[in-house]
Amino acid sequence: RCDCGAVIRATVCQVTGANGKRSCGCHRHGGKGTRLHTIWAGMRQRCRDQNQEAFHYYGGRGIYVCKRWDSFANFRDDMLGSYKKGLSIERIDNSGPYHPSNCRWATHQEQCNNNRRNVVVEFQGFRKTAAQWGMESGIPQNIIRHRLRVGYPPGVAIFTPVGKIRGFISE
C-alpha cells in the first residue's frame with residue numbers, strides 16, 4: 001500500500017531490492033497533496049477502512065469505489081474537467097457507488113440537499129427538501145418537518161407563519 005492509499009502489485013524483490021518500489025508512482029502523476037488527490041484518498045478510505053470514523057455510513061452500508069478509480073490517474077481523468085475550487089464529490093444516488101456515472105461535484109448546500117435523511121416534500125409540482133422549502137418560505141425546516149409529521153398538508157406546513165396554526169399542534 002502506497003502512502004497515497006493506492007494498492008499496487010509488486011514482487012518481494014521489487015519492494016525490498018536496491019531499486020525497490022517506494023510508491024505506486026504517485027510522485028510522477030503530480031497529484032499527491034492536491035485537493036483532488038485528498039478527495040480521492042478520502043473517498044476510498046471511507047469505503048474501505050473499517051477503522052475510519054465514517055466507515056459505517058459508507059463501506060459499512062455497501063457503498064464502494066468502482067474498480068476504475070483504484071487508480072488516481074483514472075479518477076483525475078474522469079473528474080478533473082468538471083472540478084471547481086470549493087466543491088466536493090457527491091454521489092447522485094446516495095445508495096450507489098462512487099463511479100463516474102454516479103458522481104458529480106457539488107457545493108456544501110447541494111450536498112446537504114442530497115442526503116438520505118432529508119424529508120422531500122412535493123407541493124404544486126415541485127419536489128424540494130424541507131430545508132429548501134424553509135429557505136423559500138421563511139419557516140424553519142424543523143417546524144415544517146414537525147407539521148408534516150403530525151399530518152398537516154404540505155401547503156399549510158410550508159407557508160403558514162409560526163404561531164398561526166391553531167389546534168393540536170404546539171409550536
Side-chain angles (χ1 to χ4, degrees), residues 1-122 126-138 140-142 144-145:
R1 181 174 294 275
C2 176
D3 288 342
C4 76
V7 177
I8 60 171
R9 291 180 189 253
T11 66
V12 173
C13 293
Q14 288 175 314
V15 174
T16 60
N19 295 322
K21 289 184 179 275
R22 301 279 190 261
S23 77
C24 68
C26 60
H27 62 282
R28 288 192 306 271
H29 62 56
K32 190 170 181 181
T34 65
R35 171 92 170 116
L36 195 66
H37 191 274
T38 301
I39 289 168
W40 172 78
M43 166 187 73
R44 296 174 76 239
Q45 188 176 31
R46 288 189 298 276
C47 294
R48 296 177 179 177
D49 183 354
Q50 293 182 15
N51 296 318
Q52 211 273 344
E53 189 176 320
F55 176 80
H56 66 281
Y57 295 119
Y58 295 89
R61 64 183 195 94
I63 305 301
Y64 62 93
V65 178
C66 69
K67 195 85 173 138
R68 175 171 169 74
W69 285 358
D70 281 347
S71 158
F72 172 69
N74 288 342
F75 175 76
R76 181 191 60 216
D77 291 347
D78 292 342
M79 299 299 291
L80 181 61
S82 57
Y83 177 73
K84 291 181 179 69
K85 186 177 179 182
L87 301 180
S88 57
I89 195 159
E90 174 182 63
R91 285 171 294 113
I92 297 164
D93 171 4
N94 282 317
S95 297
Y98 284 100
H99 183 275
S101 66
N102 192 43
C103 288
R104 64 182 169 211
W105 297 109
T107 64
H108 178 71
Q109 184 66 43
E110 289 167 331
Q111 290 242 352
C112 289
N113 286 320
N114 186 23
N115 183 306
R116 63 190 168 99
R117 296 177 310 231
N118 277 339
V119 172
V120 177
V121 183
E122 186 165 338
F126 294 97
R127 289 178 50 84
K128 299 180 183 180
T129 66
Q132 290 170 317
W133 283 117
M135 288 177 65
E136 184 174 317
S137 69
Q141 71 167 315
N142 62 326
I144 294 172
R145 291 169 72 124

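Quick caveat: nothing in here was measured; it's all calculated off a predicted structure. Values reported hereafter were calculated over all heavy atoms of this structure, with side chains retained and with hydrogens, waters and symmetry mates removed.
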Expected output: side-chain Trp40 to main-chain Trp69 donor-acceptor under 3.5 Å:
yes
Heavy-atom closest pair, residues Cys103 and Ile92:
N-CD1, 4.2 Å
Classify the ring geometry between Trp105 and Phe75 as parallel (under 30°), tilted (30 to 60°) or perpendicular (over 60°).
perpendicular
Heavy-atom distance under 4.5 Å between the side chains of Tyr83 and Arg35, does that happen here?
yes
Quick one: are Leu36 and Phe72 in side-chain contact, heavy atoms under 4.5 Å?
yes
Closest heavy-atom pair, Val65 versus Cys47, reported as atoms and distance to 0.1 Å, is CG2-SG, 4.0 Å
Which atoms form the tightest heavy-atom contact between Leu87 and Ile39, and what is the distance?
O-CD1, 4.1 Å
Of all pairs that satisfy salt bridge (Lys or Arg N to Asp or Glu O under 4.0 Å), the ones with a partner from residues 57-69, not counting sequence neighbours
Lys67-Asp70, Arg68-Asp78
Should we count CD of Glu122 as having more than 12 external heavy atoms under 6.0 Å?
yes
With side chains defined as the heavy atoms from C-beta onward, is the minimum distance between Tyr98 and Arg91 less than 4.5 Å?
yes
Going from OG1 on Thr129 to CD1 on Ile144, what distance comes out if it is rounded to the nearest 0.5 angstrom?
9.0 Å
Non-hydrogen atoms of Gln132 and Lys128 that approach each other most closely:
OE1-CA, 3.3 Å
Could I get the full list of side chain to side chain contact (heavy atoms under 4.5 Å, CB included) partners for Glu90, not counting sequence neighbours?
Arg104, Ala106, Gln111, Asn114
In Å and rounded to the nearest 0.5 Å, what is the CE to CD1 distance from Met43 to Ile89?
5.5 Å
